[in-house]
Protein chains: 2
Amino acid sequence: MDQKSPQAKPLKKPITIKDIAERLKVSVATVSRALRGSTEIKPETKEAVLKMAKDLDYHPNLLASSLSSKRSKIIGVVVPTINRFFWSNSISGIENIAYKENYKVMIFQSGESYKKELEIVETLANSRVDGIIIAFSKETTNYDHIESVMNRGIPVTLFERVTESIKTCKIVTDDFAGAKEITEHLLARNRRRIVHIGGPRSLEVCRERLAGYRAALREQGIAPDPNMEIELSEFSFDTGGETIERLWRRLEKPDALFCFADIIAIGALHAAHNLGISVPEELAIAGFGDDITSKFIRPALTTMAQPSFEMGQTAAKMLLHSILENEVQEDCDCISVKPTLMVRDST
Amino acid sequence: MDQKSPQAKPLKKPITIKDIAERLKVSVATVSRALRGSTEIKPETKEAVLKMAKDLDYHPNLLASSLSSKRSKIIGVVVPTINRFFWSNSISGIENIAYKENYKVMIFQSGESYKKELEIVETLANSRVDGIIIAFSKETTNYDHIESVMNRGIPVTLFERVTESIKTCKIVTDDFAGAKEITEHLLARNRRRIVHIGGPRSLEVCRERLAGYRAALREQGIAPDPNMEIELSEFSFDTGGETIERLWRRLEKPDALFCFADIIAIGALHAAHNLGISVPEELAIAGFGDDITSKFIRPALTTMAQPSFEMGQTAAKMLLHSILENEVQEDCDCISVKPTLMVRDST
DNA sequence: GTGAAAGCGCTAACAA
DNA sequence: TTGTTAGCGCTTTCAC
């Protein structure tokens, strides 16, 4: 019953270009050229090779190919999580462009862990991908791993979660403008006690959103109040809910909430419902990101829409440009994308 | 201005084990052994190698390593999309196990396209991954690509979207039981005109859910009615919405909806709201999958919860087992996981 | 147009 | 414990 089968895997060893060459009595070089569609080859020879490859059920070994050509036609993408709409949709945008240019996309998630991000980036570089698009984890404050990769000649494009300290192509949301605009919207709705639920200050994204919020207040002569600025370290529905419960125990309750991410706002909305708080009458709630859920919850969430798919496309274009140009990236641009205010029922 | 910089990439060529060997006046074999933590090596030698590697800023070339060792320590995962909770959460489960065993996970999405699935699987195999976990696209009805990969000695585990025609490890939801249970729940709520919105029959998943629905009806003496069975080919919020609009033009309106996926149910819920249909009084709506959104919409959606994270973990365990055992997979098991009914406000 | 040959960087017998 | 020596399968000069 538990006797091992004598010949485990069907280890008839794979067909290589050498096999094709021998059968055809040509050199491996010729076969290689034919397979790669090189021009300097006689059409008949090429056809013969292609036919033989098919007959023998030949499959190229990409490892060998990449090793000797020093090109993999693969780009690596690192995001904090694929579990949220913004990230997964960005990736679709990246793939959309990459596949057109015949590049494959390898997706990795850091899970917001710096350690895992390090590992992934190192693996990617050691696997000789042609380029990397990365959005930093919330824990990342040291960027040596990126410098190292770039020094090794691998182009890197920073995406959304970026840092000023690295000179390379970047694409980000104009978080300052977006946060300012949505705060102004709240102010225009006659809200004065607007609480900002922000994310970890280690992220530029979060700092910018906070700054935009403050700027809008100041313009209305309202001095930013530390009590009205909450800093979260976790991104989840639950933290949004817990926060609102804490806020509601205060003497002076807020009349509006601007959350740095939809996921937080949705959690808050849910908790508000359970606490019997009427939205938007008693409390207006706004998010950021236009998560796909935001349109479907009730009341539908007011938020800033980020064109994630297009941002992914742009990132891919920038990276492919760096790869193909093979230039130093010193002079690369930083693109800032304006988000769009989506006014819905929650404000 | 547009003059190219003379030295493009910093092409100081990478340090290899040969460089380390020369500096240390040992052989490359020794260096290789030290780096891989082989036991048959003198501790001092090992230390010296490690130190030199660090000093020289050595980074291993995984391509070369995999090429010669014929192991990559990478498993490939192919899913229709990472954009939905079930899939992204399954992947987290896979990663959770894989990383513990020191395997990296490469994620790919087929976008529900058979052609792209083919390409991805071929690339994965040609990149000599150690194993593949795959959930088929909705278009996939031919499984030769999987047979081919398995014949080449690469273990494959089928995940959720499977086929009977391939003998290998599989893990699926018990869709029949789940669909039957949720339909029974609807019946218990005194619904008799229950419409099933199903997915493409090409997917076993969808056929099973339909079968479960029918079985529940039959047990109550209700004959399945083709007019009450709708087949969708797209998975999106919009199709859910459009469908309910069509249904509502009928003379005899349904009193319940069992959608084969939450995303459809959520779209329907949204459309119902816009049409002024009261849920659940006039129309009960149930989904399948317990998408993260389902808990937060109003009314909260009744659905079947699939333990996606755990299913991912199990898939990874099965695959790793096949990889490590290096056995033929003929006798592999097929695990079927029972989903859990989550009764909420929509029914 | 084609072939010969030298690698790409690493692993893995087999010897020593 | 270490070194020698073939490769792994493919690409890419450089001749012919």
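Just the heavy atoms: all of them, side chains too, but no hydrogens, waters or symmetry mates, feed the values below. Below, read A as the first sequence line, B as the second, and so on, with proteins coming before strands; counting in each chain starts at 1.
For the 3.5 Å distance criterion, the side chains of B/Thr140 and B/Ser137 qualify, holding a donor opposite an acceptor. For the 3.5 Å distance criterion, the side chains of A/Ser27 and A/Thr30 qualify, holding a donor opposite an acceptor.
Under a cutoff of 6.0 Å and an axis angle of 45°, B/Lys104 and A/Phe108 do not form a cation-pi pair.
Note: NZ (A/Lys25) to P (C/dT2) measures 16 Å, nearest angstrom.
Using a 30° and 60° split on the angle between ring planes, B/Tyr143 and B/Phe136 fall in the tilted class, from 30° to 60°.
The C1' atoms of five pairs define one axis at each end of the helix from C/dG1-D/dC16 to C/dA16-D/dT1, and these two axes lie 30° apart (to 10°).
The salt bridge (charged side-chain N to carboxylate O under 4.0 Å, His left out) contacts involving residues 134-147 of chain A comprise A/Lys138-A/Glu234, where partners must be two or more places apart or lie in separate chains. Applying the side chain to side chain donor-acceptor pair (under 3.5 Å) test to residues at least two apart or on different chains, the pairs with a partner in residues 60-73 of chain B are B/Ser72-B/Asp130.
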(message) For nucleotides 7-16 of chain D, give me one character per nucleotide, 5' to 3': B if any protein heavy atom sits under 4.0 Å from the base, S if the only such contacts are to the sugar-phosphate, - if neither.
(response) BBBBBB----
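A donor-acceptor contact shorter than 3.5 Å links the side chain of B/Lys167 to the backbone of B/Glu164. In this structure, A/Ser322 contributes its side chain and A/Met318 its backbone to a donor-acceptor pair below 3.5 Å. A/Ser92 places a side-chain N or O within donor-acceptor distance of the main-chain N or O of A/Ser88, the cut-off being under 3.5 Å.
In this view, A/Lys18 satisfies the salt bridge (Lys or Arg N to Asp or Glu O under 4.0 Å) rule with no residue, not counting sequence neighbours.
DNA chain D lies under 4.0 Å from no heavy atom of any residue of residues 41-49 of chain A.
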